[in-house]
Amino acid sequence: MSFLFGGARPQPSSAEKIAAAEAEIEMVSNMFNQLVDTCTRKCIPETYREADLNKGESVCLDRCVAKFFEVNVKVSEKMQGEAAQRQGAAGGAGGGMFGGS
Amino acid sequence: MSFLFGGARPQPSSAEKIAAAEAEIEMVSNMFNQLVDTCTRKCIPETYREADLNKGESVCLDRCVAKFFEVNVKVSEKMQGEAAQRQGAAGGAGGGMFGGS
Amino acid sequence: MSFLFGGARPQPSSAEKIAAAEAEIEMVSNMFNQLVDTCTRKCIPETYREADLNKGESVCLDRCVAKFFEVNVKVSEKMQGEAAQRQGAAGGAGGGMFGGS
Amino acid sequence: MSGMDMLNAAEQRELQGRMERKQMKDFMNMYSNLVQRCFNDCVNDFTSKSLLTKEEGCVMRCVDKFLKSSERLGERFQEQNAQMAQQGGMGVGR
Amino acid sequence: MSGMDMLNAAEQRELQGRMERKQMKDFMNMYSNLVQRCFNDCVNDFTSKSLLTKEEGCVMRCVDKFLKSSERLGERFQEQNAQMAQQGGMGVGR
Amino acid sequence: MSGMDMLNAAEQRELQGRMERKQMKDFMNMYSNLVQRCFNDCVNDFTSKSLLTKEEGCVMRCVDKFLKSSERLGERFQEQNAQMAQQGGMGVGR
């Protein structure tokens, strides 16, 4: 999912390349699953009076996808910015559980 | 979990057979975990005044299991019916993320 | 995660030793993920008026970690106690889905 | 741009196999989420051990609506993704 | 009927090993869901850093009740499953 | 006390590799939980297909707050863990 975390570094072994591709696909698939979960909860009322999507629900789903992508882009830009800052600062206080590598 | 998705097709390699059996067990185990999650939320109040299950809670759990199975059967019948229809129609509009093979 | 389930038994093969170490790390990591999920829901209001943690939120998080550990210790002691009882009784009624060794 | 472009034929076959197992798993997860969601939203009467007619109707409409929603979301997801790939090569997957 | 019936001895041993690892994982998941559920429902006071007596009591009853529920649900699950297997060979597992 | 102390060098290397893959997966999970949480709490207007200014602000503050919370929780987690290891050798990990 290159739009999320920037370009890839050179990857040597075959197992590593497969693992990286697999991780990329898994990321996309997770993102889609969360999108389905989130957007159906936001747009589909829990009463189920009709089996079809009505106009309002359909439009809501479409806009929900657009906003979900926009949020993903903003968040990933923010996190890349912070990662770059941290690397620049080289050895600040932080880290915690997610500071590694 | 053959009651959910109909009979198995011939499976050649050993790895595939093990993977299929593993998937079957995992499906049952997932179903049980969801049953526990769902039925305890439906039947057990979040106050925990007593450590034992009372009569009302016990009966509720029993009925919840019966209804959960009934829903599983209905949903899987419905989805098998639709899959059959789709195969008959051979190349309709649908698909989306879940239309594949 | 030895504080949860008592000492380890002798483990022969290399694959088993790696699997056990992996499971231990996974347990800790799961516990931390649940801690993050639970404590942020308990302590961080969903309005996000400010980007920083305020004093009240920080203190709440600290106490939440302490209580989460305390609950883990109490629950694991209780379950070890019951497991010991069951082994002593050797062949009581129980078991269900979670009775197995 | 994407890691997948750098795989050779053997590596692609291996990846393909894993993806098929993943698809099966994904389908099962989708199925059980669907059941759980619809059960949760539709079944609330535990004075009987059989589904009420209105509960069954609710579950069926819920499944329909959920499948249609997933399909629509899948289409939009792919469009958005293709659009991002065009604007500055930031697409997902290939 | 079930995929498992077609495995030979070596395949069953391999499956057995995987199932043992899975059981360990399942137990850990069950344990951490239990902790999370009971913590969530019982611990709501963050003016102190030690569990209150009433919180501890609530957690202990919650754990008891949850284990008893799981056991009961497990028994009913297996009964239902056996029953389905009889009615038209649609059982789960073997 | 811990299982990890008994691994030889080759076993530790293998474990190391698995842990790196796990770390990558954990990071991705953390990222997507973060997105889902902040989207859920901040985005509630579907009369337009672009983020409102106030929604974007909310998401950015939510991300910040969540990262700071995770960092703080990580520190406390490690302290508690170290403390338990001292009191009677019941620590997690090494």
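Below, chain A is the first sequence line, B the second, and so on; all start at residue 1. Both backbone and side-chain heavy atoms feed into the values below; hydrogens, waters and symmetry mates do not.
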Engineer: Could you tell me the separation between the CD atom of Gln36(F) and the CZ atom of Phe68(A), rounded to the nearest 0.5 Å?
Structural biologist: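 The CD atom of Gln36(F) sits 6.0 Å away from the CZ atom of Phe68(A).
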Engineer: Any side-chain heavy-atom pair from Phe27(F) and Met79(A) closer than 4.5 angstrom?
Structural biologist: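 Counting from C-beta outward, Phe27(F) and Met79(A) do come under 4.5 Å.
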Engineer: For the residue pair Asn72(A) / Tyr31(F), report whether a side-chain donor-acceptor contact shorter than 3.5 Å exists.
Structural biologist: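 Short answer, yes.
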Engineer: So Glu82(A) and Asp64(F), side-chain contact (heavy atoms from CB on, under 4.5 Å) or not? Walk me through it.
Structural biologist: CA-CA 10 Å; Glu82(A) 285 183 15; Asp64(F) 258 330; 3.5 Å; yes
Engineer: Which heavy atom of Leu51(F) sits nearest a heavy atom of Glu70(A), and at what distance?
Structural biologist: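 Heavy atoms of Leu51(F) and Glu70(A) come nearest at N-OE1, 2.9 Å.
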Engineer: Among Lys25(F), Glu56(F), Arg21(F), which residue has the highest count of heavy-atom pairs closer than 4.5 Å to chain A?
Structural biologist: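 It is Glu56(F).
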Engineer: Can you check whether Val43(F)'s main-chain N or O pairs, donor with acceptor, with Lys42(A)'s side chain at less than 3.5 Å?
Structural biologist: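 A pair under 3.5 Å: yes.
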Engineer: For Glu71(F), is there an ion pair with Arg86(A) - N to carboxylate O distance below 4.0 angstrom?
Structural biologist: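 Yes, this pair counts.
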Engineer: Taking all heavy atoms of Phe39(F) and all of Val71(A), pick out the closest pair and write down the distance.
Structural biologist: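 Shortest heavy-atom separation between Phe39(F) and Val71(A) comes out as CD1-CG2, 3.7 Å.
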Engineer: Between Leu73(F), Val59(F), Asn40(F), Val63(F), which has the largest tally of heavy atom pairs under 4.5 Å with chain A?
Structural biologist: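 Result: the option with the highest number of such pairs is Asn40(F).
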Engineer: Is there a side-chain contact between Lys49(F) and Asp62(A) (heavy atoms, below 4.5 Å)?
Structural biologist: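 Not touching, per the 4.5 Å side-chain cut-off.
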Engineer: Counting heavy-atom pairs under 4.5 Å with chain F, which one of Ala23(A), Ala66(A), Cys64(A), Cys43(A) comes out on top?
Structural biologist: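 Among Ala23(A), Ala66(A), Cys64(A), Cys43(A), the one with the most close pairs to chain F is Cys64(A).
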Engineer: Please flag which part of Asn29(F) lies under 4.5 Å from any non-hydrogen atom of chain A: side chain, backbone, both or neither.
Structural biologist: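 Only the side chain of Asn29(F) comes within 4.5 Å of chain A.
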Engineer: Could you check whether Lys67(A) pairs with Glu55(F) (Lys NZ or Arg NE/NH1/NH2 to Asp/Glu carboxylate O, under 4.0 Å)?
Structural biologist: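 Looking at Glu55(F) together with Lys67(A), the answer is yes, because their closest N to O distance falls below 4.0 Å.
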Engineer: So does Arg63(A) pair up with Asp45(F), basic N to acidic O under 4.0 Å?
Structural biologist: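 The answer is no: the pair does not qualify as a salt bridge.
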